Amino acid sequence: RSKLHALLKSCGDSKDVSLGMRLHAGIPQGVAAEDTFVGNLLVQMYGKCGDVANAQRVFDAMVMPNVFSWTMLVTVYAQNGDIEGAKHVFDVMPRRNIVAWNTMVAAYAHAGHLVEARIMFERMPSWDVVSWTAMLIANAVNGFLDQAREVFDSMPEKNLVTWTAMLSGYAHNGQVVDAKQVFDSMPERNLVTWNTMLQAFAEAGQIDQANAVFKATPAWNLSSWTCMLAAFAQAGLLEECRSVFDSMPERDLVTWTAVVQGHSDNGDVEGAKCLFDAMPGRDIVSWNAMLLAYAQLGHVELAAALFHAMPEWSSVSWVSMLEAFRQGGDLDRARCFFSTIYTGDVIVWTTMIATYTQMGSFHGAKATFDSMPGRQDD
RNA sequence: ACAUAACGGCGGGGA
């Protein structure tokens with residue numbers, strides 16, 4: 001069982017759902033249902049792999065789900081972006097503990113639903129450092145750094161995660177001076193802390209400072225290297241970007257996508273395509289990055305071909321194609337393409353409106369604007 | 001024994 005534990009955990013960490021399924025299939029019939037511990041491990045593994053349906057299926061078959069099973073199921077929905085689903089499980093679970101409450105507050109926080117996060121938080125029977133940190137994040141992701149700071153300052157207890165969350169809030173809000181101040185006053189640091197500080201300088205375009213933090217970091221992981229190579233690319237230093245990429249001891253999908261984008265950002269489509277073809281695997285983000293490279297660099301036909309070769313599409317794909325047609329001044333194809341989209345979000349619609357506007361078709365822009373579903377006029 | 005918060009890669013407008 002402890003072996004199974006380690007194996008299923010590693011499937012979750014590496015999102016290897018096919019190995020997870022093989023392990024699941026190797027467990028004797030009924031064990032996953034009757035042995036709550038084993039069932040929990042499977043629910044968690046499927047959740048981490050993004051397979052919510054199988055997580056739910058294992059859970060449903062469990063004879064005696066315990067409080068771990070229930071809170072894990074809440075986490076599964078929350079971490080896969082289904083807040084409604086998480087809330088539903090939360091509402092029907094027989095006994096709610098602080099971990100379940102914290103999970104819900106954090107889910108709302110990351111989705112940017114500050115009001116809901118606050119309502120949850122206020123209804124909690126008690127709070128701990130995780131609850132407070134989640135509320136700090138809820139404020140920070142909405143750009144309310146002063147309120148986040150108030151939460152931070154008034155917390156009865158802080159730990160390394162709290163400090164790093166505050167640092168991260170400043171980092172992503174462009175407040176690099178405040179970020180540095182937090183970093184300098186932290187009682188302790190770990191690799192996440194160092195990476196967050198690196199990201200703060202990188203996002204602020206302060207490449208020398210970023211490089212200094214990178215060099216001073218006691219040890220690196222994939223996040224550190226990837227952040228640094230992306231920072232070099234964004235600063236127009238493609239050679240340095242490449243040298244980080246070439247010297248990294250390991251690479252993952254995120255790394256590969258970052259280096260593809262680094263080349264496209266610096267106008268090197270051929271380099272981007274070479275790397276894209278050499279990638280060991282591709283996900284929707286990497287396909288979109290390559291698609292956008294073609295779109296932004298004016299390769300309409302290559303973009304169209306790539307679009308049709310993609311295994312799946314997202315709103316980013318639609319926007320990239322519209323961008324390609326807009327770049328090429330081809331309003332007809334943009335309009336025709338747009339009419340085939342059924343699931344576009346507000347950004348897709350805004351891009352189409354901008355395309356009409358830019359081509360001088362105010363009627364088209366207005367008509368599109370008027371037919372937008374669920375438009376918020378505030 | 002197993003559950004919750006912090007770090008890296010893709011899109012429009014706005015500031």
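None of the values given here were measured: they were computed from a predicted structure. Numbered from 1 within each chain, the chains take letters A, B, ... in sequence-line order.
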Reading 5' to 3' through nucleotides 3-10 of chain B, protein heavy-atom contacts under 4.0 Å coded B for base, S for sugar-phosphate only, - for none: BBBBBBBB

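Stacking between A:F37 and the base of B:A1 is present: ring centres sit under 5.5 Å apart and the planes differ by under 30 degrees.
Both cation-pi conditions hold for A:R189 and A:W194: the charged atom is under 6.0 angstrom from the six-membered ring centre and inside a 45 degree cone around its axis.
As a whole-Å value, the separation of A:M372 CE from B:G12 P is 16 Å. Atom pair A:Q358:CD and B:G12:P shows a separation of 13 Å (rounding to whole Å applied). Spacing between atom CG of A:D13 and atom C1' of B:C2 amounts to 14 Å, rounded to whole angstrom units.
Checked against the 6.0 Å centroid criterion, the rings of A:W101 and A:F90 qualify as a close aromatic pair. For A:H88 and A:Y77, the gap between ring centers reaches or exceeds 6.0 Å. Between A:F121 and A:W132, the gap from one ring centroid to the other is short of 6.0 Å. Aromatic pair A:F245/A:W225: centroids not less than 6.0 angstrom apart.
Residue A:D345 is classed as a base contact, given a heavy-atom separation below 4.0 Å to a base.
The base of B:G12 sits with one of its N or O atoms less than 3.5 Å from a complementary donor or acceptor on the side chain of A:T350.
Legend: residues meeting salt bridge (Lys or Arg N to Asp or Glu O under 4.0 Å) with A:R118, ordered by chain and number and at least two apart, are absent.
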